[in-house]
Amino acid sequence: MSEQPARTLVTSALPYANGPIHIGHIAGAYLPADLYVRYLKSRKRDVVWVCGSDEHGAAITLRARKEGTTPRAIVDRYHEEMQAAFSGLDIEFDHYDRTSSAEHHAFAQSFFLDLLEKGAFTEETRQQFYDPEEQQFLADRYIQGACPKCDHDKAFGDQCEKCGSALSPEELIGPKSTLSGATPELRETTLWYLPMDRHEDWLREYLEGGKLDGEAHHNPKSWKAHVLGQCRSWIDGGLQSRAMTRDLDWGVPVPVEGADGKVLYVWLDAPLGYITATRNWAAKKGVDWEPYWKDKDTQLVHFIGKDNIVFHCIIFPILLKEQGEYLLPHNVPANEFMNLEGDKISTSRNWAVWASEYVRDFDGRSDEMRYVLASIMPEQKDAEFTWEDFQARVNNELADVLGNFVNRVFVLTGKFHDSKVPAASGKWTEVDEALLSLMKSTPEAVGDAIERYRFREALQHAMGLVRAGNKYLTEEEPWKVAKTDPARAADILHLALQVTANAAIVLGPFLPKTSARLSKALGTADLPWDAAGASLVPAGQPLAKLPILFEKITDEQVAEQQAKMGPELEGMRDVEPEKAETTFDDFQAMDLRAAEVMSAEKVKGADKLLQLTVRTGYDERTVVSGIAEHFSPEEVVGRRVVLLANLAPRKIRGVVSQGMVLMASTEDGGLRFVTPEEGAEPGDIIR
RNA sequence: GGCGAGGUAGCUCAGCUGGUUAGAGCGCAGGAUUCAUAAUCCUGAGGUCGAGAGUUCAAGUCUCUCUCUCGCUACCA
């Protein structure tokens, strides 16, 4: 589909309702889709974006058991939580659904029956472990035993977490059901399998050649290398049959007589959720859903993480084609993974930046996270998020480049033109023309990059316009020109204001909040994308007051966020976050000495101060210390202490203090001396 | 073990079908400037393009070997 599609259906991977959303999810499948959809909407294209919670599968039942609750309670909780997290980051689906709904069950069942009728499945009877106490078949993960390779005694039926080798349940030594602890027995069960090997030929043509049923379908060159590479790897390796049903009681029941206790495999059930969601969206809007899934002029795009490539590029297309009525994806721009501070994100180790916590800690500052994630999005390879980088990008780029530019323009307009857009003479200089031409070409450059799923590049182009604006102001110096040539100064500001209004549009998908504030203050709200590239703000237009767009992220905030990550170790205290990293040289600059307190007296007129005479071994000096509320003079005489010796002398309450005695401050607000061990003599250097 | 994707300036990353002195943003150094959130602008330093071999007049860009990272997958290519 090289021509512009009549409409676009966008999906984002259904998040598994088994845990909260973190920035890896956002950067992988939700933010890129949101950017793409916001852009298309700004261009007034027909686009619908659906998503929803994936609420079935063994992991959820397992978790429910562990927590002593029901699967329903688990999925209800995360269904709410995930939606709040998304909306906190301005991730705005047209419709967010869930797979446990009655509509979805009904649709998935009818889809399954269609496939059954068309002979898409084979029925096979195999041996599977069964828990006699719980009277149910066991998913591989429900079986635990000793690993045959490394002897680790808590290996799961599908994988040993210790040595990493993948297993099948029969290999485990001494298998036990994790549900009841009973020894499982092998029983026969009949499941429906999808024989994928039948589909290799057309899949190859579809993926490699972009052709479906002999007709051009999409441009395979527009797909990412790692997506095609992984698909090729699968097909070249020969596709296997895969079970499309499971023996489980949580899921979409298999709608066949005698299939009690069987549900659809989550990977059959979940992608069908895209269709259910579209139907429910259409019902809500009172429009026809079918063109979005069945019309040849519709473009279908799946945003996912790289772990889902095979399901979206091979298994789901097979199911869709077998059923026959639905469109196959035109692109699956899967992102790679986002790492965090040098390590891969891990839910169980709490090594993550949780979306909901970010929203709570940085209230109203969703644009900042969106900007940073868009700048480092793992489009071609794994990327890395660090809080220091977050701070640098927000402060140096959003605040200094964008925020400051907007502020300059608004302040200048206020000073010289009473906050009204000055009229332009229409006589542009060469420099003006260059900026006008960049202003004109930027929307296309940004849009083109977005349509190629190159979001980082798109953002670069958009910010490039702002950078050019800063350069323009600095070089044209309207504040100077205003004194000699007011008409020229008006031209300069007029143009700078047009750049600002254009920036609000081209940055709109990335920074929806900022863009809205900006265009509202300029009086250019709701202009479509296609208006950009030209002058947008009319002369005489009054500007509204605009506060600072971006506050800087402080070192303390960075430290606080960094401290939150990682396992919450038992016995660990909740203390002040560590200060920002320092250098060895900085530490070396301090002269710490062992010393001894010779005498002490209260400082007159001060409740908290003791005046100490301290012996350093090479001199005796006076130190004023704020410890009088904790220690009497008698208590401290003879104490061995650590002295910060080269601290600049300072007069405190009339007494010159030449140094500082180090104390540990305890949780209850008390103080304890830091004392060198016996054998250290006054004057000894501490390093 | 197999397959796939990566390994490019201090950091985060671009480099399409091989072609003049390998780029951007940030950071760093020097300078300019003051309308502005000590912001902005200019200039500069910094790279054996993971290692080795090969093809070519010419390779970060093609081929082979090795190595590291990430992902998928399993006795099947």
Could you identify the nucleotide paired to [N], looking across every strand shown and requiring Watson-Crick or G-U wobble geometry with both distances under 3.5 Å?
N: G18(B); value: none
N: A36(B); value: none
N: A9(B); value: none
N: U43(B); value: A29(B)
N: U63(B); value: A53(B)
N: C72(B); value: G2(B)

Considering every strand and a 4.0 Å limit on heavy-atom distances, what is the contact class for [X]: base, sugar-phosphate, or nothing?
X: A482(A); result: nothing
X: E457(A); result: nothing
X: Q380(A); result: sugar-phosphate
X: E336(A); result: sugar-phosphate

With the 90 degree cut-off around zero defining syn, does G71(B) come out syn or anti?
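This nucleotide is in anti.
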Has [X] got a side-chain N or O lying under 4.0 Å from the OP1 or OP2 atom of [N]?
X: K415(A); N: A36(B); answer: yes
X: K552(A); N: A38(B); answer: no
X: R408(A); N: A39(B); answer: no
X: K221(A); N: U17(B); answer: no
X: R232(A); N: A77(B); answer: no
X: R467(A); N: C26(B); answer: yes
X: K480(A); N: U33(B); answer: no

Among [options], the nucleotide that comes nearest once only the side chain of [X] is considered:
X: K344(A); options: G71(B), U73(B), G6(B); answer: G71(B)
X: L412(A); options: G71(B), C35(B), A5(B); answer: C35(B)
X: W479(A); options: C35(B), U37(B), A24(B); answer: C35(B)
X: N470(A); options: U12(B), U40(B), A14(B); answer: U40(B)
X: D307(A); options: C26(B), C35(B), C72(B); answer: C72(B)

Looking at the rings of F510(A) and Y371(A), which for Trp means the six-membered one, are their centres under 6.0 Å apart?
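No, they do not, as the ring centres are separated by 6.0 Å or more.
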Measure from the ring center of Y274(A) to the ring center of H312(A) and say whether it is less than 6.0 Å.
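That pair passes the under 6.0 Å test.
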Within this structure, what is the [atom1]-to-[atom2] distance between [X] and [N], rounded to whole angstrom?
X: D382(A); N: U12(B); atom1: CG; atom2: C1'; answer: 14 Å
X: L459(A); N: G25(B); atom1: CG; atom2: C1'; answer: 10 Å
X: I235(A); N: A77(B); atom1: CD1; atom2: C1'; answer: 13 Å
X: K224(A); N: G6(B); atom1: NZ; atom2: P; answer: 12 Å
X: K381(A); N: C11(B); atom1: NZ; atom2: P; answer: 13 Å
X: I309(A); N: G4(B); atom1: CD1; atom2: P; answer: 14 Å
X: N396(A); N: U40(B); atom1: CG; atom2: C1'; answer: 13 Å
X: K306(A); N: U69(B); atom1: NZ; atom2: P; answer: 14 Å

Does atom [atom1] ([X]) have a neighbourhood of more than 12 heavy atoms from anything else shown, all under 6.0 Å?
X: E444(A); atom1: CD; answer: no
X: K211(A); atom1: NZ; answer: no
X: Q557(A); atom1: CD; answer: yes

C1' atoms of A38(B) and A59(B), separation to the nearest Å:
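Roughly 46 Å separates the two C1' atoms.
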Say we look at C76(B) and U69(B): how far apart would their C1' atoms be, to the nearest angstrom?
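These two C1' atoms come out 26 Å apart once rounded.
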W479(A) six-ring centre to K415(A) NZ/CZ under 6.0 Å and within 45° of normal
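No - K415(A) does not lie over the ring of W479(A) by the 6.0 Å and 45° rule.
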For D389(A) and for F405(A), find the nucleotide of RNA chain B with the closest heavy atom, then tell me which residue's nucleotide is more 5'.
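Final value for this comparison: D389(A).
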First of N339(A) and S375(A) reached from the 5' end of RNA chain B, by closest nucleotide:
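Checking each residue's closest nucleotide, the 5'-ward one belongs to S375(A).
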Could you pull out the closest heavy-atom pair between H494(A) and S535(A), with the gap in Å?
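Scanning both residues completely, I find the closest heavy atoms to be NE2-OG, 4.4 Å.
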Within the side chain of E341(A), is there an N or O that forms a donor-acceptor pair under 3.5 Å with the backbone of W387(A)?
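Side chain of E341(A) to backbone of W387(A), a donor-acceptor pair under 3.5 Å: yes, one is there.
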